[in-house]
Enquirer: 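Please read through the structure below; I'll follow up with questions.
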Number of protein chains: 2
Amino acid sequence: MARQRLRQEDIVRAAIAFIDEFGVQSLSMRRLGMSLEVEAMALYNYVSGREELVSLAVDELIDDLFDDELMQEQPASWEAFLRFVANAMRDLALSHPRMFPLMITQPPEAPWLRPPLRSVRWVDYFLTTLQDYGFSDERTVDAYKAFTSFLLGHLVLEVSAMGIDIASEIDDDAGGGESEGLGDYPTLRRLQTMLADDHSDREFDDGLDDLIERIRATKDA
Amino acid sequence: MARQRLRQEDIVRAAIAFIDEFGVQSLSMRRLGMSLEVEAMALYNYVSGREELVSLAVDELIDDLFDDELMQEQPASWEAFLRFVANAMRDLALSHPRMFPLMITQPPEAPWLRPPLRSVRWVDYFLTTLQDYGFSDERTVDAYKAFTSFLLGHLVLEVSAMGIDIASEIDDDAGGGESEGLGDYPTLRRLQTMLADDHSDREFDDGLDDLIERIRATKDA
DNA sequence: ACCTGAACACCGTTCAAGT
DNA sequence: ACCTGAACACCGTTCAAGT
């Protein structure tokens with residue numbers, strides 16, 4: 001049969017593709033094996049089990065982001081750096097909406113690694129860069145905390161608004177069922193279209209501007 | 001045997017207790033049945049399946065928060081209201097750390113319901129209250145978006161820092177394994193203790209103060 | 001009306017056996 | 001060294017049967 005040797009990375013990438021398409025709940029060792037034209041049990045030569053596989057999938061995505069986007073060029077300022085990281089992470093979240101909940105939900109390597117920046121390599125790079133731009137230790141840590149908290153809040157909301165059901169592969173009732181039974185909630189009914197208006201891009205940029213403004217204000221205080 | 005009749009609410013509360021203790025991944029219909037001294041298959045008379053059960057568990061917690069905390073008294077100002085809701089939600093998240101990821105990860109009733117305020121009743125009440133304090137339509141919606149995004153960011157991070165593994169019931173390697181292999185990351189190593197310092201309470205309060213300040217600044221603009 | 005027990009089609013994972 | 005096939009202990013869910 002001239003079967004090619006499996007490699008852990010191929011398995012992990014297949015898992016990411018599978019989760020992107022069908023959701024984690026649908027990922028089984030047997031089905032993933034099928035997609036790789038191998039018996040499920042062969043996967044155990046490369047990963048210790050399903051749990052580790054999911055964890056590796058998350059790590060892979062985070063590492064990709066680091067390698068592809070960041071090591072390229074040095075940004076011109078710390079503001080540009082924050083914008084760059086924020087937008088790269090946002091692109092990642094929006095292009096893998098079924099993976100993103102796992103990124104923030106899997107336990108990080110250490111409790112002081114805050115999602116979605118969840119690897120020592122990443123966080124060290126982030127902190128070092130800020131320090132290179134003259135941030136003190138205190139301000140570096142403050143900025144890291146404010147930045148992660150901002151990023152997380154926005155991205156979870158954006159992904160959630162995509163209506164992805166991380167649990168099932170089929171949406172029973174897709175589409176924007178509008179004002180179903182909102183009769184008892186007049187305020188909600190009146191504001192509904194404003195709430196549904198999607199200004200994610202602008203909200204994200206404005207929030208980021210705000211954050212940068214606040215960091216700037218305390219940077220040299 | 002004088003078996004008591006099951007009720008859906010008892011099943012849902014048992015599911016919450018089970019998830020709190022062991023995590024969602026450990027919840028099975030058979031095990032939950034055992035904890036209620038009933039065969040698993042009896043549960044299907046009250047819930048359509050495991051998926052609905054988890055969804056009901058999330059709703060139950062959100063409803064509890066609404067009933068227990070909010071309907072009590074009218075707060076003295078919109079600032080007091082926001083603080084009240086924020087702290088109530090934070091208490092809920094911290095006392096059910098294994099449920100919280102489900103609250104933000106389950107698809108909401110409508111995509112414009114932003115977690116963790118994920119019920120029409122809740123959101124209508126929130127919006128109505130702000131309007132009672134003189135917020136215009138635009139400012140109400142802006143405040144709602146800023147508030148949910150703030151709350152989500154902070155709470156996800158706090159829960160994540162608790163190191164809860166939503167996937168498994170046993171932590172292989174619990175405890176604060178400190179500076180394992182941080183040799184290649186000097187910045188991280190130096191800032192590690194500052195990062196690990198838990199100032200969640202202060203960060204939350206400061207962030208909330210900030211948010212309220214920003215909302216105040218635009219309220220009558 | 002509600003619960004049970006057996007059954008079905010799946011899981012994750014182990015392990016002896018093949019090559 | 002790596003993959004397979006059978007096996008084990010579990011799942012969620014259906015359904016006929018009991019009471």
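Throughout, protein chains are lettered first and strands after them, A, B, ... in sequence-line order, and every chain is numbered starting at 1.
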Enquirer: Please determine, for C:dA16, whether a Watson-Crick or G-U wobble partner exists with both distances under 3.5 Å, and give it or none.
Expert: D:dT4
Enquirer: Could you let me know what C:dC10 is paired to, Watson-Crick or G-U wobble, both distances under 3.5 Å, or none if it's on its own?
Expert: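 Answer to the pairing question: none, since C:dC10 forms no Watson-Crick or G-U pair.
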Enquirer: Side-chain N or O of A:Asn45 less than 4.0 angstrom from OP1 or OP2 on D:dA1?
Expert: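 No, no such contact exists.
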Enquirer: Parallel, tilted or perpendicular: which one describes the rings of A:Phe81 and A:Tyr125, with boundaries at 30° and 60°?
Expert: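 Geometry flag for A:Tyr125 against A:Phe81: perpendicular rings.
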Enquirer: Quick one: B:Met41 CE to C:dC8 P, roughly how many Å, whole number?
Expert: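 It works out to 14 Å between those atoms.
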Enquirer: Within the 4.5 Å heavy-atom criterion, are A:Ser26 and A:Phe18 side-chain neighbours or not?
Expert: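 Yes. Closest side-chain heavy atoms under 4.5 Å.
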Enquirer: Could you give the CG-to-P distance, from A:Leu32 to C:dC10, as a whole number of Å?
Expert: 17 Å
Enquirer: Between C1' on D:dC8 and CE on A:Met29, what's the gap in Å once rounded to a whole number?
Expert: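 Taking atom C1' of D:dC8 as the reference, CE of A:Met29 is at 17 Å.
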Enquirer: Please report, rounded to the nearest Å, how far the P atom of D:dT4 is from the CE atom of A:Met34.
Expert: 13 Å
Enquirer: Atom CD of B:Gln25 to atom C1' of D:dC11: distance rounded to whole Å?
Expert: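 Result: 12 Å.
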Enquirer: Is the phosphate of D:dT13, meaning OP1 or OP2, less than 4.0 Å from a side-chain N or O of B:Arg30?
Expert: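 The answer is no; no side-chain N or O of B:Arg30 sits under 4.0 Å from OP1 or OP2.
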Enquirer: Identify which nucleotide among C:dC2, D:dT4, C:dC11 has an atom closest to any side-chain atom of A:Glu39, counting heavy atoms from C-beta outward.
Expert: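 The listed nucleotide nearest to A:Glu39's side chain is D:dT4.
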Enquirer: Need one value for B:Leu27: base, sugar-phosphate or nothing, where a base atom within 4.0 Å counts as base even if backbone is also close, heavy atoms only.
Expert: sugar-phosphate
Enquirer: Got a salt bridge between B:Asp197 and A:Lys145, using NZ or NE/NH1/NH2 to carboxylate O under 4.0 Å?
Expert: no
Enquirer: How long is the span from the NE2 atom in A:His154 to the CG atom in A:Asp205, to the nearest 0.5 Å?
Expert: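 The CG atom of A:Asp205 is 9.5 Å from NE2 of A:His154, to the nearest 0.5 Å.
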Enquirer: Please report, rounded to the nearest Å, how far the P atom of C:dT14 is from the CZ atom of A:Arg50.
Expert: 15 Å
Enquirer: Given 3.5 Å as the limit, does a donor-acceptor pair link the side chain of B:Glu52 with the main chain of B:Val47, or not?
Expert: no
Enquirer: Between C:dA9 atom P and A:Arg31 atom CZ, what is the distance in whole Å?
Expert: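 Atom-to-atom, A:Arg31 to C:dA9, this comes out as 15 Å.
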Enquirer: Need to verify one output field. Residue with the more 5' nearest nucleotide on DNA chain D, A:Leu43 or B:Tyr44?
Expert: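 Upstream on the strand: A:Leu43.
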Enquirer: How close or far is atom C1' of D:dT4 from atom CD of A:Glu37, stated in whole angstroms?
Expert: 16 Å
